[in-house]
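Mind having a look at this structure? Questions to follow.
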Amino acid sequence: MLTLISYLFPSTACNADAVADVVFIVDVGSSQKELEKIQIFLEKLVSSLDVKEKCVRIGLVTYTTKPQVASLLRMATDNTHVLQNIQSLSPKAGKANTGSVIRFTRQKVFSESAGSRRSQGVEQIAIVITHRSSVDDVSDAATALRRAGVTIFAIGIEGANATQLAQIAAFPPEKYVTNLKTFSHLPHKTLIFHKKIMNQIQQKLYMDTQRADLLKRGCVDTEEADIYFLTGGSSSLDYFDFLDLKLFMKEVVKFFMIGPNRVRFGVVQYAEVSELEFGPEEYGKTSDILKAIDNIRQMGGSPHTGKALTFIQPLLRKSQGQRSRSVPCHVVVLTDQKSEDPVKEPAKRLRNEMINVYAIGVRHANDSQIYEIAESKDRAYFVNDFASLKHIKNEIVRDICAVEACKEKKSDILFLVDSSSSIGPENFVKIKNFMSELVNKSDIGLDRVHFGAIQFSSRNKEEFRLNQYTTKSDIISAIGRMSLMGQNTLTGGALQFVLDYFRPTKGSRPYVKKILILITDGEAQDEVKTPAEALREEGIIVYSVGVFNANKTQLVEISGKPEMVFYVEDFDFLKHLENEILFGICSPYDECKRIERLDIVFVIDGSGSIDYKEYDIMKDFMISLVKKSDVSHDRVQFGAVKYSTEPETFFYLNDYTTKPAIIKAIQNDKPIGEMAYTAKALRHSEGLFSEKHGSRKHRSVPQVLIVITDGDFHDAGELDEVSKRLRENGIIIYAIGIERARPDELLTMAGSEDKYFYVNTFEGLKSLYPKISDKICSVSKPECGIPADLVFLVDGSNSISDSDFTKMKNFLQDVVRPFDTGHNVQVGIAQYSDRYREEFSLSMFPHKSELETQIGQIRQMEGLQTYIGAALERVRHFFTPEGGSRINENIQQILLVITDGRSHDKVVKASEDLRKKGVDIYAIGVGRIDHLQLSQIAGFSDRKYTVDNFSELKVIKKRLVDDICEEENKTTCFMDIVVGIDVSSQKQGDRVFHGQYQLESYLPQIINALTSLTGVSCNAGSQSQTSVALKVKNTDPPVVSKFQIDSEKLLNSLVGTTIKNASHLNAEFLNSLWETFQIKSANRRKTNIAERTCCCVFCKCIGEEGEAGSEGRHGMEGLRGFKGSPGHAGNEGEAGPRGLPGPDGDRGHVGCRGNKGPKGQRGIIGRKGNNGEKGMDGINGEPGSPGSKGVPGERGEKGFRGDHGVPGVDNNEAGPRGLEGERGIEKYSQLSSQFRVRGDQEALQDYQAPKEPEDAKVQEVFKAPREEEDPKDSMVFLDSKDLKVHGSALS
């Protein structure tokens, strides 16, 4: 049996996706027969995986009362060893200590010494199989394993505890928990688990990153909002729980554009009392908010959530009052216990003030209270532990951002529904429910979202067109009337069929986004790639939703990108995809989301040839561009000129700094009439591009002029002169012509063909908007003021064509443009293939124009293979002072690697060495690349970028530059400092600084220096964050000793404070300082507290650094110091040498069953099996071509007598004698009977039974043997044709 399986899954080169460390944790406290079912499952699943040292590694741990390692990850170099260990499993008596074995597996199996490759970015997976309740706690052990980066699947059989399985498995449990009624069901789940494992690997390698990026780009539309976290800080949270809580808040913050007039965050912590940690107005930068969250200390106590909801209400009113207009307001409540007070009414009062409340229940939170807080089930979330919060952050952020992302969106969405017989009536109802929910959550309307539906199987069936219904109720009713068609799955034909339905003749609208949602459960029986490409070439976005019976490779071919494919275990999981798919529709992958930093001037034709309706269309076009821009005095500015005979300025660049003000000005404008003098208007517009009127050309902000006209120029002869002068002054001109406009005159203004556009009608402006907005978006220059040493390491191997190498160089030039290469940023470039070549070093070309020219002149080195590892080792020279690096000046070091294939050497060590040196690595993969290797180079999934071809590099340019320019919080070391102020010389009523004028003047500098300390008591290379608390006794009002990162807050706490009575610098005062550490730093790591205790020094005022003095004499040896604090626990050591043999023990019990013996003789041939089920009718074939003429047949038997002919014409001449007649009716009957018998026999001889489908044999490997069969004695005979069929089906 095992030999057969190994043939069915032949050994191939390691697929980049199929790389993982998989450990099975098996409860063997079962019967022999039950364990055999587990063994069959494990054997088949292991055989289906590509088990090799560099691909999939397998570990095996068994347990009852105690755990036992059957196979370590480093031992599994092929599946033979693993399969032998699986075969040797035997039942053991004992209780189920599942928590203990999970803890053991984390410590002993998922470790580097045991073969884990977690540090290399390899996915870590554990599969727990149990049939009973655990006698010990599983929650804490499973949480620790998941925190260690391991994804846990839990399989429960028969008497397994469902609650414990949910606590063990990853989130969400419906995806990672499998419940089976009997052991005999387990072998049938092999194919499902094979797909689960592959899905998990692919999800972590690239799906999660791509979808998080999509979400972040969609949240750009949420320009203004106030968001508060209301977090429980009760005593039930341990140190790691509170860390997970803070990590969740930080990850949510990173999705938004932070700023005083953008999205703002505040945090309130509560237990018995509520405390404002910081308000929305306090921090206007992402990095500052992240530091403030890191500084939060757990308060402890029991939760009073109702009181906290009441506490936050006036804070929300205050934050709304700080805005010039009303903005969306959100509160995210996190709690892990039942509240000691009622929550329903306080939450209702918040919602009554139009505040969106989200409630997250962790661990022991009360379900009814969570629903009372959120009210809507869509805003209530439940997780088993704080480590799982990271899995719901995307859902919460998506819900917050969806309102603006989907606002006023127009789309034509067509469902293409698999209606073949494999779906079944029950699943068909689930599909219709999924469709109805998507409709229900969309903004349906005549000028909004339209839906249509088509079913397919062996044929295609139109259900309703895109323009047929314009209300939710009508569309949902039409979906409800759909009925299952049955038959086969011809997906390719259906894709070809639906193309016409995206054209106006079949109900689609021009100039709106077009989306196809394919829902299928089976493998297409025809070709899908070509018709799918035809759809995408027409600009149609294709989402593919398939269950595990579908072919995922085909789904990726249909959608074009893996992130557009949703591949789930069954139709029950469709409901979890609704919001994600809808958000993707509202925020497409390839759409430029924001115009970031430009000065834009509109020059609009307001002459008499344009009527009011046409003028309104032009205004709508301008407003669309304004809405897409990030408007402010330091981001995007707009100015406008309208003209006819004379030009008029109707606002300058610096007149309006908000989006609503600009839109209002455009909406209120009216046309002028008279004749059009366009050259005069262009000359007038030059004045708007002056510093006086708001131009930022002197700050390198791109200058853009957009002229819109319908032609009929009366000064066309002057266009060339004025347009050239504008362009020579660095102004980019986009010329848009309508109706009577002449292309040659548009080209004269624009200067190049890619900058002028023409449409026949004003309505055509709507179709131009996406093209022009993308053009302007690409010109938009993000503000990037970071100082950095930036090195490009580019692939120059033969696999890259000349044209693609040129596209890569153009991409490098585009990436360099936003950086201040004259002052802050140095650029160097190296090229590699099977060798390495430095193109130019850092600081060689400081001027941007010269730098871009040098990049354009780089020649491709070529080479047969790609050695990225060796190139990474050589490129280290750039990041040394000798190589021009400013690494010793604490300047950021950045390496950008571009490759189009897999490296032929190892990249892990070279990449890690660069990161240890402080180099941030970004990696771009083009085409078919090794995702794992790219992740290993980058080190972090959010620094890895993939595109299908070199032409798509421009799509990721903005995201890459944004990521590089974003200030990253790399803090890994935290310090607390207490400053005590002795007030022994003051009298009651005196100010704190009475008579202490020097202290008052120096204290701000001292506090600022302390909050800005870096590198103290921290590991080399790590960044530190310092928090300072003030301790002043006997003051009125009391000075709160709260640790702060902001020196201004600390100093403000002393303003207006007076002395109640004198204090003294004595033991009591010093102890109060230590108490501040113990109380306020309780949730910090103990090692930090030990460092504080041992490092007590006098405070010193720091002046300017002096010159180094001469070397002093060696001092005398000092006295022996105090005993130091215990050191940090060391790394786990290697196993020691084998000890000496011990004394002989008592004779043990009878041992377990031995290893399998040698292969026996061939058994007797078994009985013939029962007839199989009757197969389905095959598809009618197409008519064949006529065959060639056959040879003449044998002479047939004598025929029947013919009918009487028509009487002839009377003739006197006698005719020839006729043939002799036959006998009468008796003879005729006999012949007729013989003919019928013979005809039936010939028909039977000509009949051929239909062949069994080829893939039926492939499925046989995943079928478990029947109960009465012994799996070890089963025999399967396959000929070479069979093996060929299996190999092609499974490849």
Side-chain angles (χ1 to χ4, degrees), residues 216-225 256-263 324-325 327 401 404-405 407-409 586-588 590-604 618-641 650-667 669 685 688-689 693-697 699-708 731-734 736 755 757 765-766 768-784 817-818 957-959 961-962 965:
K216 185 172 182 178
R217 295 195 307 113
C219 286
V220 168
D221 289 322
T222 304
E223 294 182 320
E224 292 182 291
F256 294 92
M257 301 287 287
I258 304 298
N261 297 312
R262 297 182 186 175
V263 179
S324 59
R325 62 194 181 95
V327 302
C401 295
E404 292 300 321
K407 193 175 183 180
E408 299 178 358
K409 294 290 183 179
C586 296
S587 180
D590 55 352
E591 184 180 286
C592 171
K593 295 301 295 182
R594 272 292 173 275
I595 300 169
E596 287 194 345
R597 195 163 176 255
L598 283 179
D599 288 339
I600 303 176
V601 173
F602 293 114
V603 178
I604 308 302
M618 287 200 298
K619 292 197 296 184
D620 289 341
F621 175 83
M622 292 190 288
I623 288 170
S624 296
L625 282 175
V626 173
K627 285 182 175 179
K628 193 167 185 173
S629 301
D630 189 2
V631 176
S632 73
H633 69 90
D634 60 345
R635 304 292 283 177
V636 181
Q637 297 183 138
F638 283 93
V641 172
F650 67 102
F651 55 89
Y652 291 105
L653 288 166
N654 53 2
D655 278 354
Y656 303 113
T657 57
T658 66
K659 196 173 292 188
I662 297 171
I663 292 172
K664 185 178 179 181
I666 294 173
Q667 288 172 335
D669 184 48
S685 70
L688 276 72
F689 291 104
H693 291 131
S695 171
R696 296 167 294 168
K697 182 184 175 184
R699 290 165 55 189
S700 301
V701 174
Q703 310 288 286
V704 172
L705 184 148
I706 302 173
V707 57
I708 309 176
I731 297 166
I732 302 165
I733 303 176
Y734 291 98
I736 302 171
K755 291 184 177 65
F757 306 87
L765 274 178
K766 297 175 182 177
L768 272 185
Y769 169 73
K771 293 180 184 177
I772 294 174
S773 66
D774 282 346
K775 285 279 185 185
I776 295 172
C777 224
S778 65
V779 174
S780 171
K781 180 181 177 182
E783 189 171 14
C784 187
R817 284 191 189 111
K957 185 208 82 175
K958 183 181 178 303
R959 176 188 158 202
V961 173
D962 286 348
C965 294

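Values in this document were obtained by computation on a predicted structure and should not be read as measured data.
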### All salt bridge (charged side-chain N to carboxylate O under 4.0 Å, His left out) counterparts of R262, not counting sequence neighbours
D630
### Query
Residues two or more places apart in sequence or in another chain: which of them pass ring-ring contact (aromatic ring centres under 6.0 Å, His included) with F651?
Y656
### Message
Checking T657 now: which residues fulfil side chain to side chain donor-acceptor pair (under 3.5 Å) with it, not counting sequence neighbours?
### Response
none
### Summary
For R597 and R699, the nearest pair of non-hydrogen atoms, with its separation, is NH2-O, 4.0 Å
### Message
Could you measure the distance from the SG atom of C401 to the CG atom of D221? Nearest 0.5 Å is fine.
### Response
8.5 Å
#### Entry: Distance, nearest 0.5 Å, that separates CG of L625 from CD1 of I706
5.5 Å
### Task
Find out whether P660 and R325 are in side-chain contact, i.e. whether some heavy atom of one side chain is under 4.5 Å from a heavy atom of the other.
yes
### V707 and I736, any side-chain heavy atoms less than 4.5 Å apart
no
### Summary
With sequence neighbours left out, the residues meeting side chain to side chain donor-acceptor pair (under 3.5 Å) with D655 are none
### Query
Residues in side-chain contact (heavy atoms from CB on, under 4.5 Å) with K697, at least two apart?
S695, Q703, N729
### Message
Just to verify, what does K755 make a salt bridge (charged side-chain N to carboxylate O under 4.0 Å, His left out) with, not counting sequence neighbours?
### Response
none
### Message
Show, in sequence, the C-alpha distance, side-chain angles and deciding distance for F621 and I772, and conclude whether the side chain to side chain contact (heavy atoms under 4.5 Å, CB included) test is met.
### Response
CA-CA 10 Å; F621 175 83; I772 294 174; 3.7 Å; yes
### All salt bridge (charged side-chain N to carboxylate O under 4.0 Å, His left out) counterparts of R696, not counting sequence neighbours
D599
### Query
Can you list the residues that meet the salt bridge (charged side-chain N to carboxylate O under 4.0 Å, His left out) rule with D962, with sequence neighbours excluded?
K958
### Message
Run M257 and R594 through side chain to side chain contact (heavy atoms under 4.5 Å, CB included) and show every step you take.
### Response
CA-CA 11 Å; M257 301 287 287; R594 272 292 173 275; over 6 Å; no
### Task
Side-chain contact test, heavy atoms from C-beta onward, threshold under 4.5 Å: evaluate it for Y734 versus V704 and give yes or no.
yes
### Message
Any non-hydrogen side-chain atom of Q667 less than 4.5 Å from a side-chain atom of I623?
### Response
yes
### E404 CD to C219 SG distance, which is reported to the nearest 0.5 Å
11.0 Å
#### Entry: Student check: side-chain heavy atoms of I600 and I776 closer than 4.5 Å
yes
### Interatomic distance, M622 atom CE to I708 atom CD1 [nearest 0.5 angstrom]
6.0 Å
### Query
What pairs with S624 under side-chain contact (heavy atoms from CB on, under 4.5 Å), at least two apart in sequence or on another chain?
Y769
### Query
If you look at every heavy atom in R635 and S632, which pair is closest and at what distance?
CG-OG, 2.9 Å
### Query
Can you tell me if K659 uses its side chain to pair, donor with acceptor, with the backbone of V631 under 3.5 Å?
no
### Summary
Across all chains, not counting sequence neighbours, the side chain to side chain donor-acceptor pair (under 3.5 Å) partners of S700 are none
## Note on the structure
Between S587 and G218, the two heavy atoms sitting closest are OG-CA, 3.3 Å
### Task
Could you grab the distance from atom OG of S629 to atom CD1 of I662, nearest 0.5 Å is fine?
8.0 Å
### Task
Would you name the heavy atoms of I604 and M618 that are closest together and state the gap between them?
CG2-CE, 3.6 Å
### Task
Determine, step by step, whether I666 and V626 satisfy the side chain to side chain contact (heavy atoms under 4.5 Å, CB included) criterion, reporting the C-alpha distance in whole Å, the side-chain angles of both residues, the deciding distance to 0.1 Å, and the verdict.
CA-CA 10 Å; I666 294 173; V626 173; 4.1 Å; yes
### Message
Checking N654 now: which residues fulfil side chain to side chain donor-acceptor pair (under 3.5 Å) with it, not counting sequence neighbours?
### Response
none
#### Entry: Sub-4.5 Å side-chain heavy-atom contact between I595 and V779
no
#### Entry: F638 side chain reached by L653 side chain, heavy atoms, under 4.5 Å
no
### Summary
The reported gap from CD in E596 to OG in S780 (rounded to nearest 0.5 angstrom) is 5.0 Å
### Query
ring-ring contact (aromatic ring centres under 6.0 Å, His included) with Y652: which residues, sequence neighbours excluded?
H693
### Task
Would you please test F602 and L705 for side chain to side chain contact (heavy atoms under 4.5 Å, CB included) and show each step?
CA-CA 6 Å; F602 293 114; L705 184 148; over 6 Å; no
### Task
Using a cut-off of 6.0 Å, state whether more than 12 heavy atoms not belonging to K957 lie near its atom NZ.
yes
### Task
Could you tell me whether the side chain of L688 reaches within less than 4.5 Å of the side chain of V641, counting heavy atoms only?
yes
